[in-house]
Asker: 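The structure that follows is given in the form of structure tokens.
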Amino acid sequence: MPAESGVVPVSQASPLPARLARYLPAIIMAASRAGAVGLQLAVQVVVGALSGPAGLGLLQLFTSWTCIAGEILARGLPASTMRVTAVAWEREDTAACRGQLRFAVVKILRGSAVGLPVALIVLLLVQAWGSLSLVSPMGLALVSVAVAAPLFALLRLGADALKAVDAALQAITLENLVAPAVMLLVCALFWLRGEGMGPVALLGAGIAGFALAMAALWRALLK
């Protein structure tokens, strides 16, 4: 009877790590989403501490209206781009991917070129009637939404396109984590200086978060 060598086949040596490897992307994606929820909760707490209930309400208004206006500007282009890009990517047709992205970006920018001036004209008319001041918190929020909505539309386009080229984890992570991380960083700077955050700083940090998230997604996509 041959002596046992003590060597275990690779397929039987570590069945648990092998099984975990199959679920690792899903586990990481769930952790990314959980981290995003945690960061967003932290943003609510920190902004409430630095800016009070009024600042927290202003931030929530800015965020919700930016998302709504951005989706209107996007007009379903992120979803259609994801479908077209996924098919073209499977065929290794990078020219078609770039063509679809270029088409969608142009459509969003054209919509922004019309929507942004119209929104500012409306705000100026409202100010002329004395109903609203552009330097009031609500006026600043509306101007900020007009600036941030195109950034959010391009952010959504970049995220959906990145998901279509087999980089869903990277897309979800950048889409969900960058903006709250920027807000927390700005809040930390004000906290270290011992100052509260006014409407301008709060809304500026919100715009910067959308801009950096959009830039990070497109940088990853264009690679």
Side-chain angles (χ1 to χ4, degrees), residues 21-40 60 62-120 142-183 206-223:
R22 295 175 54 190
Y23 299 105
L24 188 59
I27 294 172
I28 296 176
M29 190 172 296
S32 174
R33 289 191 177 276
V37 172
L39 278 181
Q40 290 166 2
Q60 291 174 341
F62 163 76
T63 303
S64 60
W65 278 101
T66 295
C67 294
I68 293 171
E71 292 291 354
I72 293 172
L73 277 177
R75 291 168 290 172
L77 287 167
S80 62
T81 297
M82 182 165 61
R83 289 194 298 269
V84 173
T85 304
V87 173
W89 187 258
E90 287 295 325
R91 297 174 180 171
E92 298 184 354
D93 189 355
T94 55
C97 296
R98 290 180 179 273
Q100 174 62 27
L101 285 170
R102 191 178 299 113
F103 167 79
V105 169
V106 170
K107 293 279 283 186
I108 290 174
L109 292 180
R110 282 179 179 174
S112 303
V114 174
L116 183 57
V118 169
L120 293 178
L142 293 175
V143 172
S144 300
V145 167
V147 174
L151 298 175
F152 180 79
L154 292 173
L155 182 157
R156 292 280 293 111
L157 178 64
D160 281 7
L162 199 59
K163 293 170 187 174
V165 297
D166 297 330
L169 177 59
Q170 191 173 11
I172 290 172
T173 300
L174 294 174
E175 184 181 16
N176 292 325
L177 296 182
V178 173
V182 170
M183 179 62 71
I207 294 173
F210 283 123
L212 289 177
M214 183 270 292
L217 283 162
W218 278 89
R219 183 175 182 274
L221 179 62
L222 294 176
K223 280 187 175 182

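Everything quoted here is computed from the prediction, not taken from an experiment. Keep in mind that the numbers below use all heavy atoms, side chains included, and drop hydrogens, waters and symmetry copies.
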Asker: Side chain of Ser80, backbone of Leu77: donor and acceptor closer than 3.5 Å?
Answerer: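 Yes; judged by distance alone, with no hydrogens or angles, the pair exists.
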
Asker: Check whether any side-chain heavy atom of Thr81 lies under 4.5 Å from a side-chain heavy atom of Phe103, and answer yes or no.
Answerer: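 Side chain of Thr81 against side chain of Phe103, heavy atoms only: no contact under 4.5 Å found.
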
Asker: Nearest 0.5 Å please: distance from the CZ atom of Arg156 over to the CD atom of Glu71.
Answerer: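 CD of Glu71 is found 5.0 Å from CZ of Arg156.
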
Asker: What is the minimum heavy-atom distance between Ala171 and Ala159, and which atoms define it?
Answerer: CB-O, 3.5 Å

Asker: With a 3.5 Å cut-off and sequence neighbours excluded, list the donor-acceptor pairs that the side chains of residues 214-221 form with protein atoms.
Answerer:
residue	atom	partner	partner atom	Å
Trp218	NE1	Leu154	O	2.9

Asker: List the atom of Ala161, the atom of Thr85, and the distance in Å for their closest heavy-atom pair.
Answerer: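 Heavy-atom minimum between the residues: O-CG2, 4.4 Å.
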
Asker: Show the nearest heavy-atom pair for residues Arg75 and Lys107, with the distance to one decimal.
Answerer: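 Nearest pair, atom of Arg75 first, then Lys107: NH2-O, 2.6 Å.
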
Asker: Can you name the closest pair of heavy atoms from Gln40 and Asn176 and give their distance?
Answerer: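 That closest heavy-atom pairing would be NE2-O, 4.3 Å.
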
Asker: Looking only at heavy atoms, which two atoms of Gly35 and Leu177 are closest? And how far apart?
Answerer: C-CD2, 3.8 Å

Asker: Nearest 0.5 Å, what's the CG-CG distance between Leu162 and Leu169?
Answerer: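 Interatomic distance, Leu162 CG to Leu169 CG, rounded to 0.5 Å: 10.0 Å.
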
Asker: Got a donor-acceptor contact below 3.5 angstrom from the Arg98 side chain to the Ala96 backbone?
Answerer: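 No, because the side chain of Arg98 does not come within donor-acceptor range (under 3.5 Å) of the backbone of Ala96.
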
Asker: Should Trp65 and Leu142 be marked as a side-chain contact (heavy atoms from CB on, under 4.5 Å) after you check the CA-CA gap, both sets of side-chain angles, and the distance that decides it?
Answerer: CA-CA 9 Å; Trp65 278 101; Leu142 293 175; over 6 Å; no

Asker: Once rounded to the nearest 0.5 Å, what's the spacing between atom CG of Asp160 and atom CG of Leu155?
Answerer: 9.5 Å

Asker: Can you measure from CD1 (Ile108) to CZ (Phe152) and round to the nearest 0.5 angstrom?
Answerer: 11.0 Å

Asker: Could you tell me which non-hydrogen atom of Ala179 sits nearest to which non-hydrogen atom of Phe210, and how far apart they are?
Answerer: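 Closest pair (atom of Ala179, atom of Phe210, distance): CB-N, 4.4 Å.
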
